[in-house]
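Here's the structure we're looking at; comments come further down.
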Amino acid sequence: MDKQQAVKEYINEETGIIVSKKLLSFIMNPQKLEGLNNIALKEIVIEYAPIYQRFRFMLDGPQERSWLVFFEISLMCRISHKPELEKILGISE
């Protein structure tokens, strides 16, 4: 099983959510977030929000979890100073 499939299955097993190919590609390559416009970034944030709520503040776990940690760090940097996107994830009120 490749890394991408393992991450997809891990998310599904832990949350019951099946991630889209688009979100999965950003999880596997978080640097791609830098090229997104605000509309596309908002779509990613909305899709990722329930997954984020499930794994929030959890740093340890299987190798698949580390992919999510790297993605979350990149996502947090990308949405900093965008209160409407931070609110979707529940990190600002």
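None of these values were measured; they are calculated from a predicted model.
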- Query: For the side-chain contact (heavy atoms from CB on, under 4.5 Å) test, which of I27, L23, L24 pairs with K8?
  - Reply: L24

- Task: Starting at CE of M76, measure out to CG of L33 and round the result to the nearest 0.5 Å.
- Result: 10.0 Å

- Report yes or no: does R78 contribute a side-chain atom to a donor-acceptor pair with the main-chain N or O of L36 at less than 3.5 Å? yes

- Task: Look up atom CE in M28 and atom CZ in F71, then write down how far apart they are to the nearest 0.5 Å.
- Result: 12.0 Å

- Item | Atom pair CD (Q53) and CD1 (I91), whose distance is rounded to the nearest 0.5 Å | 9.5 Å

- Task: Go through the structure and list residues passing side-chain hydrogen bond (donor to acceptor under 3.5 Å, both in side chains) with S20, not counting sequence neighbours.
- Result: E47

- Task: Might you work through the side chain to side chain contact (heavy atoms under 4.5 Å, CB included) test for V45 and K82, ending with a clear yes or no?
- Result: CA-CA 11 Å; V45 170; K82 296 184 186 318; over 6 Å; no

- What heavy-atom pair brings S25 and K32 nearest, and what distance separates the two atoms? OG-NZ, 3.4 Å

- Task: Check whether V19 and Y10 end up in the same hydrophobic cluster, where Ile, Leu, Val, Met, Phe, Trp and Tyr are linked by side-chain heavy atoms less than 4.5 Å apart.
- Result: yes

- For the residue pair Y52 and Y48, does the interplanar ring angle fall in the parallel (under 30°), tilted (30 to 60°) or perpendicular (over 60°) class? tilted

- Message: Under 4.5 Å between side-chain heavy atoms, counting indirect links through other Ile/Leu/Val/Met/Phe/Trp/Tyr residues: same cluster for I11 and I46 or not?
- Response: yes

- Which pair of non-hydrogen atoms, one from A49 and one from I88, has the smallest distance, and what is that distance? CB-O, 3.8 Å

- Does the pair E43 and K22 meet the rule for a salt bridge (charged side-chain N to carboxylate O under 4.0 Å, His left out), with working shown? CA-CA 10 Å; E43 290 172 2; K22 181 179 176 181; 2.9 Å; yes

- Message: Taking Q31's backbone N and O only, do any of them form a donor-acceptor pair with N29's side chain (distance below 3.5 Å, no angle check)?
- Response: no

- Note on the structure: Scanning both residues in full, the closest heavy-atom pair of E86 with H81 reads OE2-N, 3.6 Å

- Note on the structure: CD1 of I79 to NZ of K42, rounded to nearest 0.5 Å, is 12.0 Å

- T15 OG1 to I51 CD1 distance, which is reported to the nearest 0.5 Å: 5.5 Å

